[in-house]
Each structure stands twice: as C-alpha cells, then as structure tokens.
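Shown next, in structure tokens, is the structure this report addresses.
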Number of protein chains: 2
Amino acid sequence: MPNPTAAMLVIGDEILSGRTRDINMHVLAQALNAHGIDLKEARVVSDDRDAIVSAVTALSDAYDHVFTSGGIGPTHDDITADCVAAAFDTHIDVRDDARDLLLRHYESRGVEVTEGRLRMARIPDGATLIENPVSVAPGFTLGNVHVMAGVPTIFEAMVASVLPAIKGGAPLLSQSLRIDKPEGELADPLRELAADFPDLSIGSYPFQQNGAFGSNIVIRGENGADIDAAMLRLSELFRGAGA
Amino acid sequence: MPNPTAAMLVIGDEILSGRTRDINMHVLAQALNAHGIDLKEARVVSDDRDAIVSAVTALSDAYDHVFTSGGIGPTHDDITADCVAAAFDTHIDVRDDARDLLLRHYESRGVEVTEGRLRMARIPDGATLIENPVSVAPGFTLGNVHVMAGVPTIFEAMVASVLPAIKGGAPLLSQSLRIDKPEGELADPLRELAADFPDLSIGSYPFQQNGAFGSNIVIRGENGADIDAAMLRLSELFRGAGA
C-alpha cells in the first residue's frame with residue numbers, strides 16, 4: 001500500500017516579504033519522512049482570507065493530510081482558524097474546552113485574559129484540539145487539516161503532538177554518495193543506472209564548494225536490497241571520486 | 001498603480017524529503033521586495049512532470065511573474081525546461097545559441113561535452129536566455145515564467161541577471177518595533193491601531209527567546225508619513241517595553 005500523502009501550507013506575510021526565513025517546512029518534511037508520510041507539495045500564502053481558504057480547499061482535496069503553520073495567535077492578522085472553518089463550511093466560535101485550557105493557564109500565572117488571548121480559543125465545531133506544551137493555546141485538526149502555530153518552537157512541539165495520532169506508512173529508505181565531479185560528467189551514467197533500477201528514485205543534488213562542483217547522489221526506495229545493489233554500481237562507476 | 005505580482009515555484013524532491021533546507025525562497029523574496037514586486041505565493045513541488053506543469057500553468061495565469069528554482073541541470077531528474085515548454089505548448093530542443101555558449105565554455109577549459117551537458121542547452125522556442133555568470137549553462141524566460149537553477153550561488157546570480165529587465169514598482173516601506181511583551185497583551189491595542197490606519201499593513205510576528213515571549217511589530221505601506229505616525233502611536237502605547 002502506498003504511503004499517505006501530505007501537503008504543507010505556510011501562512012505568513014513575513015516569509016513572502018523576505019523578513020523571515022521559514023524553518024517549519026524543513027522541520028515538518030523531516031518529521032513526515034520519518035513517519036512514512038510523503039510530503040508532496042508545500043505552499044506559502046500571505047495573511048489573506050481568499051488566499052488561505054482557496055489553498056486549504058485545494059490541498060485538502062488533493063492530499064491525505066494538510067499541515068498548516070502560522071496565523072493562529074491572538075492578533076488581528078491571525079485569521080487561519082476562521083479561514084479553515086470557512087473552507088469546511090463549519091461554524092467557529094470561542095469553544096469551552098479551549099477557553100478552559102487558556103483560563104486555567106492564565107489564572108495560574110496571574111496573566112490577564114484579554115480579548116485577543118480569548119481569540120486563541122476560537123475552534124471550529126467538530127475539530128480535535130492539538131496539544132501545545134509550550135504556551136498552551138491549542139492547534140486543531142478539522143477533517144484532514146492539522147492547524148498549528150508558526151512560532152518554530154511551538155510548531156515543532158505541535159507536530160510531535162499530532163503525528164502519533166496519524167497512521168503512517170513505511171519510511172522511505174535512502175542512501176547517498178557524495179561525488180566530487182561536476183554533474184555534467186555524472187549525467188550519462190546516472191541515466192543508465194536509473195533505467196536499470198526503475199523502482200528506485202535516483203536524485204542528483206549538485207553543490208559548489210570552494211570553487212569546485214560536485215553532486216550528492218541520493219538513491220531512495222522501499223527495498224533495501226535494491227538500494228544496496230544500486231549503490232554498489234554507483235560507487236564502482238565513480239571509484240576514486242566518491243567521499 | 002499597484003506593484004506587479006509574482007509567485008515562486010521551487011522544484012525539488014530534496015526539499016520535500018527534508019534532505020535539504022531551501023534558501024532560494026528567502027533570497028528571491030528579499031530581491032523582489034527591494035525591486036517593488038509583490039511576492040504573493042510560493043510553492044514547492046517534486047520532480048514530477050504533472051506536478052510541475054500544472055503548477056507553472058496555475059501560477060503563470062494568476063500572477064504577473066513566476067520565478068522557478070531547480071531542475072535545469074544535466075541529469076535525468078532535471079525536467080523543468082521540458083515541463084515549462086509543455087505548460088506553454090511550445091516546442092523545445094537543444095538550441096544553437098545555448099549550445100554555442102556551452103561549447104565555447106567547455107572547449108576553453110578542455111571539458112568533455114557529454115550528452116547530459118548538452119541537455120542544458122534545451123531551450124523552448126521563443127524563450128530569452130538568462131545569463132549564468134557562475135557556470136554558463138543559462139536559464140530562460142518564456143512568457144512570464146523565469147526559469148533558474150536550484151544551486152543557491154547560481155540561483156542568486158540568475159536573479160541578479162533577470163531582475164533589471166523586469167519593470168518593478170515602488171518598494172514597500174516598512175518600520176518595525178520589537179516589544180518584549182507576549183502577543184496576547186498586544187492584540188487589543190494593535191487591533192485598534194490597525195483600524196485607525198486602514199491603508200497600512202500591521203503585522204505581529206511573535207518570538208520566544210530565553211523562555212520569554214515577545215513580538216516584532218512590522219508596519220508596512222507606501223506612505224512614509226503614515227508609517228511614521230503609526231509608529232509613534234505604537235511606541236507610545238508600549239512605552240518601556242520596546243527595544
């Protein structure tokens with residue numbers, strides 16, 4: 001059975017304006033890969049209602065799971081929860097379970113419960129809460145969409161909260177070999193290798209280091225013996241140029 | 001007149017598998033912002049023909065410009081040029097001008113011209129070449145799609161090659177203020193500030209540092225005097241908590 005598929009949706013003007021460099025995509029990609037879920041696509045959109053609703057709808061239709069990052073804080077530009085509710089045509093308001101979590105947390109610390117903070121208890125009907133061990137305000141899962149915070153420490157903690165509840169597949173196996181030759185000299189033999197191992201995915205990821213070109217060859221697949229055989233052929237082809 | 005809009009398409013299994021962390025999106029976002037082009041959306045797709053063709057088509061229809069990164073090297077998994085040609089229903093083959101560039105470069109350095117290397121001269125009919133000052137193999141512009149390499153040093157150089165030929169608008173002005181209070185205490189006053197300055201975009205970007213929460217407030221707009229007035233109000237609101 002093929003692995004479940006997933007998409008990520010990063011919500012935030014700050015990424016698209018170049019103010020902030022996103023890290024959550026990389027964190028999610030690694031976590032999903034280890035859990036046997038194939039991340040097929042990622043999108044970044046701005047804090048714009050139409051853009052968020054249409055991306056959530058498109059990705060939710062196309063993939064088994066959608067993971068979102070950003071836009072669930074207390075401020076006026078945090079509109080993700082309302083947009084996800086709209087995409088599923090579901091009612092949303094401050095929900096008792098989420099409000100109780102927040103009130104308990106704030107009261108125990110003597111923190112004022114502002115209108116903004118209460119917005120973080122806006123949860124669509126029928127959604128399941130995602131635990132936030134960092135700052136309590138929860139994420140949620142509605143349908144196949146998992147809504148999480150954008151602050152990297154909180155995002156990572158929420159991913160760890162939600163993944164065990166999602167059925168994964170077999171983690172993709174991979175081996176890689178660094179070859180200190182320009183990609184142009186690898187292309188023809190790699191094409192033949194790929195043709196001889198049609199069940200494996202053979203990727204070439206060029207780099208430039210100290211003025212010299214090289215490439216990391218990554219062989220991925222589900223059958224470890226096939227990968228071993230292809231790696232052996234690869235290292236024979238480029239004996240002396242590998243690391 | 002509003003600024004031109006743009007989208008980015010990152011092509012590469014290595015980003016989605018978590019093997020590599022993308023940097024090109026951040027580089028492009030900063031360059032476009034400085035050039036007065038609004039980056040509205042970014043997508044990452046795998047080295048899959050259908051995924052690339054449909055993303056190029058959708059983004060090219062929706063935005064003034066599309067910038068792609070990755071998949072134009074010499075190996076079998078480099079299929080971006082062919083996919084962009086397919087999206088525009090345009091013929092593609094090794095083109096004389098691009099081949100001459102490559103041959104001159106390789107012959108001057110005594111480098112063998114492999115079949116793989118010649119693939120990098122596959123350019124769609126009607127496309128304009130994008131100069132690659134790092135390793136010669138060119139990118140290209142077809143319609144409103146600018147096709148560039150994924151290796152970060154080459155991508156950045158190609159962005160510098162292509163941007164001067166694209167008409168930009170007014171760079172968005174912005175000022176920011178770091179406030180060492182949790183976002184929950186900023187939300188209500190910020191909502192009022194945003195209501196008082198409807199032509200400005202006021203974003204709150206929370207962070208966590210040494211266990212304490214704070215937020216960077218960024219005010220963006222085209223009118224510098226409005227931004228000054230809003231920043232003054234903001235600093236008065238949070239006197240003592242700012243940096």
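Everything quoted here is computed from the prediction, not taken from an experiment. We name chains A, B, ... by the order of the sequence lines, and we start the count at 1 in each one.
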Toward chain A, the part of B/T20 with a non-hydrogen atom under 4.5 Å | backbone

Heavy-atom pairs under 4.5 Å with chain A are the metric here; pick the option from B/G116, B/A7, B/A51 that has the most.
-> B/G116

Salt bridge flag under 4.0 Å for residues A/R117 and B/E185 | yes

Apply side chain to side chain contact (heavy atoms under 4.5 Å, CB included) to B/N33 and A/R19, showing your working.
-> CA-CA 10 Å; B/N33 192 52; A/R19 201 186 153 275; over 6 Å; no

Among A/R220, A/Q30, A/R191, single out the residue with the greatest number of heavy-atom pairs under 4.5 Å to chain B.
-> A/R191

Ranking B/A42, B/A194, B/A6 by heavy-atom pairs under 4.5 Å to chain A gives rank one to B/A42

A/M120 versus chain B, heavy atoms under 4.5 Å apart: side chain, backbone, both or neither?
-> neither

Portion of B/I202 that has a non-hydrogen atom of chain A nearer than 4.5 angstrom | both

Nearest atoms (heavy-atom pairs only) where B/I15 meets A/A29 | O-CB, 3.7 Å

In terms of heavy-atom proximity below 4.5 Å to chain B, should A/F213 be classed as side chain, backbone, both, or neither?
-> side chain

Against chain A, label B/E183 side chain, backbone, both or neither, depending on which of its atoms sit under 4.5 Å from a heavy atom there.
-> both

Short side-chain to backbone donor-acceptor contact, B/S46 and A/K40, under 3.5 Å | no

With rounding to the nearest 0.5 Å, note down the distance linking OG in B/S201 to CG in A/D47.
-> 8.0 Å

Below 4.5 Å from any heavy atom of chain A, which atoms of B/M8 appear? Answer side chain, backbone, both or neither.
-> neither

Atom group of B/D48 that falls short of 4.5 Å from chain A, counting heavy atoms | neither

Give the intermediate values and the outcome of side chain to side chain contact (heavy atoms under 4.5 Å, CB included) for residues A/S204 and B/D77.
-> CA-CA 7 Å; A/S204 169; B/D77 55 343; 4.3 Å; yes

Are the side chain of A/D188 and the backbone of B/T114 linked by a donor-acceptor contact shorter than 3.5 Å?
-> no

One option among B/E112, B/R119, B/M25, B/E115 has the most heavy-atom pairs under 4.5 Å with chain A, and it is B/E115

Heavy-atom distances under 4.5 Å only: say whether A/V151 touches chain B with side chain, backbone, both or neither.
-> side chain

Enter the distance from A/I23:CD1 to B/H26:NE2 here, rounded to the nearest 0.5 Å.
-> 12.0 Å

Relative to chain A, which of B/S215, B/G184, B/A34 shows the most heavy atom pairs under 4.5 Å?
-> B/G184

Between B/V218 and chain A, which part of the residue has a heavy atom less than 4.5 Å away: side chain, backbone, both or neither?
-> side chain

For the pair A/E41 and B/L16, evaluate side chain to side chain contact (heavy atoms under 4.5 Å, CB included) and give the outcome as yes or no after the intermediate values.
-> CA-CA 7 Å; A/E41 181 174 349; B/L16 294 170; 5.6 Å; no

